[in-house]
Structure formats: C-alpha cells, structure tokens
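For reference, the structure is listed below as structure tokens.
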Amino acid sequence: MLEELFYPKTIAVIGASRNKEKIGNIIFRNIKSTFNGKVYPVNNRAEEVEGVQAYRNVSEIPDKIDMAVISVPKEVVMEVMEDLGKAGTKAAIVITSGFRETGEEGAKLEEELKNVARKHGIRFLGPNTMGIVTPNFNATFTYVDVKPGNLALVAQSGGMGAYMLNWAQLTKTGLSYFVGLGNQADIKEVEVFQFLADDPETRAIFTYIEGISDGNKFLDIMPDITKKKSVVFLKGGASSAGAQAVRTHTGSLAGSYELFKAAVETVGGIFVENLTDMLNLAKLISSNEPIKENILIVTNSGGHGVLTVDEVERQGLNLIKLTPNVIQNLSIVLPSFVSPKNPLDLGGDATIERYITALKMVQGLDCTKLVMVQSLATVSCLEVAKALQNFKGRGVVGVVMGMAEDAALRILDSANIPAFNFPEDAVRAIKYYVKRKEPVKKIRVAAPIEDAVKLINGKKVLSDYEAFKVLEMYGVRVPPWAVVNNLDDAKKEAERIGFPLVAKVSSDQPIHKTELGGVYLNVEREELENVFNNLTKLSNRVLLQKQLDGVEVFVGAVKDPAFGPAVLVGLGGIYVEVIRSVSYGLSPISEDEAMRMLQESKVYATLTARKRNYNVNSVIRTITRVSRMIVDLDVKEMDINPLIVNKDGAFAVDVRMLIE
C-alpha cells in the first residue's frame with residue numbers, strides 16, 4: 001500500500017529552492033545525492049536548481065512522477081496536490097506546516113488537503129513532517145549520513161526525529177528506515193508499523209509518538225506486528241502541560257499517558273519513559289547478543305558490583321547462581337582471594353588476562369554476562385573492550401568506566417556489542433527487553449444484562465442505590481444494605497442488616513459524603529435514631545450498610561477517548577490520591593491481567609502482608625466483572641472507593657457511576 005512512498009522510481013521536489021538555506025533546497029540536495037532514480041526540481045521562478053533543469057509545474061515533467069515532496073507555503077499546498085492528482089502521482093510527503101497544529105483554521109485547511117488527496121487517490125505523509133529516510137534515499141531536511149542497519153525510527157516530532165538521526169550517526173547505529181509522521185492527516189502510525197513489520201531488513205521499530213490516531217485499530221493490529229518485530233514506544237504529553245504542548249505541536253490529543261502505557265503493554269510493545277532508556281534499549285536490540293533475564297556480573301570494582309546488584313533486584317531481574325563445575329574451575333585459575341560467586345569480583349588488581357580467563361570459564365552459562373570494568377592501573381577500558389570482541393554472541397554486555405571509556409564504547413559499538421557507561425543503564429535496558437509481555441487482542445462484544453439496561457435507561461448519573469443494584473447484577477458483592485427515608489424503616493432494616501452498621505446520606509449525584517459530615521461508622525442500636533436525624537438534615541434518604549473491616553481498595557473505570565473502556569486499580573480511601581500507586585488495564589480484563597494489576601499497584605502486597613490471607617481471588621473477580629460491565633453498559637466513569645477486602649471476600653462499599 002505504501003510502496004510508491006518508500007520505493008519510487010521518480011521523485012519531484014515541489015518548492016525546490018535555489019537558496020541553499022531553504023528547506024526545499026536541502027531536501028532536493030539530499031535526494032539528489034542519495035537516490036539512484038530520477039529527481040526533478042519544481043520551481044516556478046528558476047530554470048535550474050543545483051545544476052538540474054527545473055520545471056514550473058509537475059505537469060511539465062516528461063516522466064510520470066511516483067512520489068512528490070511538497071515544501072511550499074501552506075496556501076499553495078492544495079493547488080499542488082490538485083496538480084499531482086492530474087499528473088497521476090499517487091504518493092506525497094507534505095513538509096509544509098501551519099495546519100491542524102496551529103488551531104481551528106489550520107484544521108479546516110488540513111481537512112481540505114485530505115479531501116483533495118482522497119479525490120485523486122493520493123496517499124501522503126504529514127503535513128508538518130520532516131520527511132523520510134529509506135535504504136535508497138534521504139528525503140529529509142537534516143544533514144545526516146547514517147549507515148544501513150536493522151533499526152527503524154518513527155517520530156511524530158521533527159526535532160525529536162532529527163535528534164534520533166544525529167544519535168544514529170554519532171553512534172554508528174545502522175538504520176533501515178526513518179519516518180517522520182507529522183500530523184498523520186492521511187498515513188497513520190499503524191500503517192507505517194505494518195510496512196516496517198513486513199520489511200525483511202528491519203529488526204525493531206523505535207517510535208516517539210504524541211497521540212494515537214485510532215485506538216481501536218491500534219489494539220486490533222499491533223498484536224500481529226509485535227509478534228514479528230519489537231516495537232518500542234516513547235510518548236510525549238505525560239503531564240498536563242506536556243499534553244497542551246502536544247496539541248500545539250502536532251494537533252494531537254495526548255490522551256491518558258497511563259492508559260497509553262497499558263495499551264502498549266497489552267499489544268506486546270515495549271514502553272519506555274525517557275529518551276535515554278529508548279536509546280540504550282536500541283543498543284541492546286540492534287546487537288545480536290542473546291539477552292536473558294538471568295544475569296552474571298563480572299567486575300573489578302566491588303562497589304560497582306553492589307550497586308548493580310541493587311539495580312538488578314530493583315528491576316525484577318535475577319542473579320544467576322554459578323554451577324559447582326564453574327565454581328571449581330574458577331577456584332583453580334583465579335587468585336585465592338577471588339571468591340567465585342555472583343557478582344564475580346575479580347579484584348582491584350585484575351589484569352586483562354584475569355578477565356579473559358574468567359570469561360572463558362563462564363561463557364557457556366545461559367545468562368547475560370554484564371562485564372564491567374573500572375579503568376585502573378592494572379587494566380584499561382580499551383583492553384576489556386577489545387577482549388570482549390572474542391566473546392561476541394555469548395550474551396555479553398559491556399560497561400566501561402574511567403579513562404578512555406569513550407574510545408572503548410566506540411570499539412564495542414563498532415563490534416555491535418551493547419555497551420554502556422553506567423551499569424544502571426545497562427540493567428534497565430535489559431529489563432525493558434526481557435520483561436515485555438505477550439501480545440493480547442482485546443475483543444469487546446457487548447452482551448448487557450437486560451435488567452441493568454432497563455435500570456440505567458435514559459440516565460446519565462446513577463444514584464448510589466441504583467449503582468449498587470447494577471453491581472449486584474454483574475456479580476460484584478456489596479455489604480447488606482438498605483435505603484430508608486423514615487425512622488421506622490431505618491430501625492427495621494438496621495435489625496435485618498445487623499449492628500454495628502454504617503449510616504450515610506444517600507444522594508442522586510456524586511458527592512464527597514465524608515466532607516459533608518454525611519458518614520457515621522460503627523453505629524450501634526442505641527445511636528441509630530440520633531444518627532438518622534442528623535443525616536436527614538443533609539438528605540431526604542439515608543443509606544444503611546453492614547459495617548465491614550478490611551483493606552480498602554480502589555477500583556475505577558473510565559472510557560478513554562483513544563482506547564475505550566479501561567479499569568483502574570489501587571489502594572483505596574484517601575490513599576488513591578495520596579500514594580497514587582494505580583495500575584491500568586483495558587477491557588475486557590482476564591484473571592491473569594487482573595493479578596498483574598494487583599501486583600503492579602501494590603494491592604496484592606497489602607492484601608497478603610503479615611499473613612493476612614485476605615481474599616485476593618475475590619478482588620480479581622471484581623476487576624474482571626467490572627471490566628465486562630463497563631463495556632456492556634457504556635459506562636463513562638465509575639469509582640468503587642472503597643472496595644473493602646477481608647477473608648470473606650471483596651465488597652463495594654461506596655460507588656458512583658456515570659453513563660455515556
């Protein structure tokens with residue numbers, strides 16, 4: 001579908017200027033110097049550009065143009081697209097900015113551009129893009145010369161794209177493709193990922209993205225892509241200020257950062273939180289080293305070894321135990337003061353010979369060998385870097401620190417062995433690579449319970465007792481409860497429920513009941529009348545519930561504009577806002593995913609601490625049932641806070657629910 005964009009035989013640069021400082025001139029020179037096909041400059045005020053005959057209009061070019069690069073003022077872009085359509089061109093890159101990213105008027109202009117392109121069957125990248133680099137040509141306005149390789153870079157930001165290309169050039173990281181997405185008015189990120197996933201030269205895809213064009217399509221197609229290739233995501237717009245900057249940068253809706261992360265992990269992608277981690281991971285993936293979760297640390301610095309062990313544990317990786325045979329062999333050849341264990345500390349007087357001897361002994365172990373060197377009087381970074389080349393393919397990762405570390409890094413980079421300046425960077429990169437999840441396809445089929453549909457029909461907000469009824473219909477447990485509006489009923493229902501109980505105001509609208517003084521705990525029989533009278537001063541209805549003890553958990557739901565229904569889980573009560581240890585999952589959620597969410601949010605650790613043996617399975621069932629309910633009933637927002645969990649189960653004590 002995108003072949004004419006990436007594999008053209010002829011290219012026209014519309015707006016190819018004679019001024020060497022203009023973008024149109026830079027792009028033309030880049031293509032001219034890298035493309036083996038024919039490239040034509042289009043300039044209505046020049047006879048030639050860079051020694052090549054120029055044409056006033058694409059219609060004057062004697063060849064059929066497969067792909068055009070457009071770098072003209074935004075007011076002229078529509079006319080150019082019309083000309084391309086009449087000339088039979090089917091692919092274009094719109095470099096020009098000033099469209100959706102500038103506001104409402106720009107968005108209208110972008111819609112016009114899409115309509116013109118659609119009318120002529122033209123697929124285009126951009127607008128507001130810096131272009132593309134392929135194995136056959138460079139159609140960007142950056143001065144880079146990257147070597148061919150197996151990593152593809154995809155960036156929605158031109159500045160970020162330029163940085164990534166410069167990084168690839170400086171580190172001699174080989175690239176298969178670079179694609180600047182721009183505003184994604186026509187060609188979307190998923191289409192580019194599909195193309196790259198089918199490209200035999202591309203091993204992994206690294207992308208900086210600010211907004212997903214179609215969340216449902218992303219969830220549907222990306223699992224198939226990540227089965228073929230590693231796809232690494234870095235997202236802009238994590239903070240509210242960042243999200244606003246995204247809108248003015250590419251006109252994208254940033255969406256929820258946390259739900260984007262959940263979506264990436266659901267489809268089997270790798271989500272990184274900063275550019276440093278992304279580039280470090282690129283080193284790891286572009287190498288052919290077999291990277292494993294089990295790690296052996298080899299070092300000449302005990303302090304660095306200790307710090308690395310801390311980071312290994314922090315990232316949830318494993319330290320391998322040396323086999324008895326390896327321990328025996330190491331004991332024979334190493335000095336008596338070197339203890340054969342992990343970390344394998346070779347001592348501050350270790351020479352390159354000692355490094356080589358130790359590496360020969362452990363090279364057969366099925367693990368990642370994290371080989372660290374602190375440059376000292378007896379060994380240099382350069383010596384260890386050169387020696388590691390002899391162990392390429394054995395799962396080696398280098399960490400070089402001290403004198404000549406930059407030169408050592410260059411040696412290892414050239415040998416395609418992943419190398420770092422700090423052990424923490426290496427460990428985090430390993431964690432990202434080995435901890436990626438298996439891709440899951442989310443199949444959402446609404447099958448609502450008929451009584452629940454009747455109850456919510458025509459309502460935007462459910463009262464507390466209506467929300468309790470809906471939860472019960474979907475198998476979510478609530479403590480024994482009743483809603484009353486007179487003292488006689490209150491006394492009767494209280495006897496049925498049993499003392500002690502909780503008495504609250506009952507409202508048709510979501511309110512913070514505690515802040516209103518509308519919640520009474522541990523109410524006994526003799527206190528009921530006084531409590532009831534106090535509450536009826538605040539509300540016409542009073543909600544009575546069985547008093548429960550246990551851990552307070554938060555279970556929330558939201559309908560994300562990009563990815564649809566999602567569930568949030570964390571510690572409940574006030575802790576959900578204070579601690580903010582919340583895990584996100586996209587509906588429908590399986591029991592395995594629910595368990596992962598409990599572990600990630602620290603809820604599992606809280607429920608099982610000090611041999612409490614609280615009912616974890618009941619929380620898992622609550623999460624899975626809520627995830628089904630919000631799809632069935634098109635729930636916009638929902639909070640169960642708290643869900644009280646004890647040995648008897650999980651009980652929704654307070655709930656608010658908004659319907660789409």
Side-chain angles (χ1 to χ4, degrees), residues 452 455 462-508 510-536 538-556 569 571-576 603 606-607 612-623 625-626 629 638-657:
L455 192 152
L462 299 189
S463 65
D464 45 17
Y465 68 88
E466 289 170 333
F468 281 137
K469 288 179 181 178
V470 170
L471 289 178
E472 287 180 314
M473 290 176 193
Y474 276 87
V476 177
R477 298 176 71 183
V478 299
W481 64 280
V483 172
V484 295
N485 55 20
N486 62 71
L487 184 57
D488 288 340
D489 286 346
K491 289 179 178 179
K492 186 172 86 173
E493 291 296 338
E495 293 296 337
R496 178 183 65 81
I497 293 169
F499 294 95
L501 49 77
V502 179
K504 313 175 185 177
V505 294
S506 175
S507 171
D508 291 329
I511 58 173
H512 289 288
K513 298 172 183 175
T514 304
E515 293 175 11
L516 286 174
V519 179
Y520 288 81
L521 303 176
N522 294 305
V523 178
E524 296 292 354
R525 185 178 288 106
E526 60 273 15
E527 301 171 298
L528 179 61
E529 182 173 345
N530 184 48
V531 167
F532 179 84
N533 290 333
N534 288 338
L535 289 175
T536 51
L538 301 173
S539 169
N540 292 326
R541 297 195 311 264
V542 174
L543 173 66
L544 304 177
Q545 290 177 310
K546 178 70 176 174
Q547 173 80 42
L548 297 178
D549 293 320
V551 170
E552 294 188 352
V553 174
F554 167 79
V555 177
V569 177
L571 294 173
I574 63 169
Y575 296 111
V576 69
V603 170
T606 305
L607 294 176
R612 277 175 170 157
N613 199 28
Y614 284 174
N615 197 325
V616 173
N617 288 335
S618 65
V619 188
I620 289 173
R621 287 193 294 272
T622 300
I623 294 169
R625 289 167 182 173
V626 165
M629 180 190 74
M638 187 204 72
D639 288 353
I640 299 175
N641 189 22
L643 179 82
I644 290 186
V645 186
N646 52 37
K647 292 181 180 180
D648 296 325
F651 302 87
V653 169
D654 202 45
V655 59
R656 70 180 186 96
M657 197 179 300

Roughly how far, to the nearest 0.5 Å, is OH of Y474 from OG1 of T622?
15.0 Å

Separation between OG (S463) and CZ (R656), nearest 0.5 Å, reads 14.5 Å

Minimal non-hydrogen separation, F532 against N485, with atom names
CZ-C, 3.9 Å

Do E493 and R496 sit within salt-bridge range, that is, some charged N less than 4.0 Å from a carboxylate O?
yes

In terms of heavy-atom contacts, P479 and A652 come closest through CD-O, 3.2 Å

S618 and A650: which non-hydrogen atoms are nearest, and at how many Å?
OG-N, 3.1 Å

Does the side chain of R612 reach to within under 4.5 Å of the side chain of T606, using non-hydrogen atoms?
yes

Pick out which of V505, N534, V484 makes a side-chain contact (heavy atoms from CB on, under 4.5 Å) with V542.
V484

I'd like to know if the side chain of Q545 and the backbone of V653 have a donor-acceptor N/O pair within less than 3.5 Å.
yes

Side-chain atoms of residues 522-530: list all donor-acceptor pairs with protein atoms under 3.5 Å, sequence neighbours left out, distances to 0.1 Å.
| residue | atom | partner | partner atom | Å |
| --- | --- | --- | --- | --- |
| R525 | NE | E495 | OE2 | 2.7 |
| R525 | NH2 | E495 | OE1 | 3.2 |
| E527 | OE1 | E524 | N | 2.8 |

N540 CG: over 12 foreign heavy atoms closer than 6.0 Å
no

If you look at every heavy atom in D464 and S506, which pair is closest and at what distance?
OD1-OG, 2.9 Å

Answer yes or no: is there a side-chain heavy-atom contact under 4.5 Å between F468 and V655?
yes

Counting C-beta onward and ignoring hydrogens, is there a side-chain heavy-atom pair between M629 and R625 closer than 4.5 Å?
no

Between atom CG of L471 and atom CZ of R477, what is the distance when rounded to the nearest 0.5 Å?
13.5 Å

Considering only residues two or more places apart or on different chains, which pairs with a residue in residues 643-655 satisfy side chain to side chain donor-acceptor pair (under 3.5 Å)?
K513-D654

Would you say V551 and I644 make side-chain contact, with heavy atoms under 4.5 Å?
no

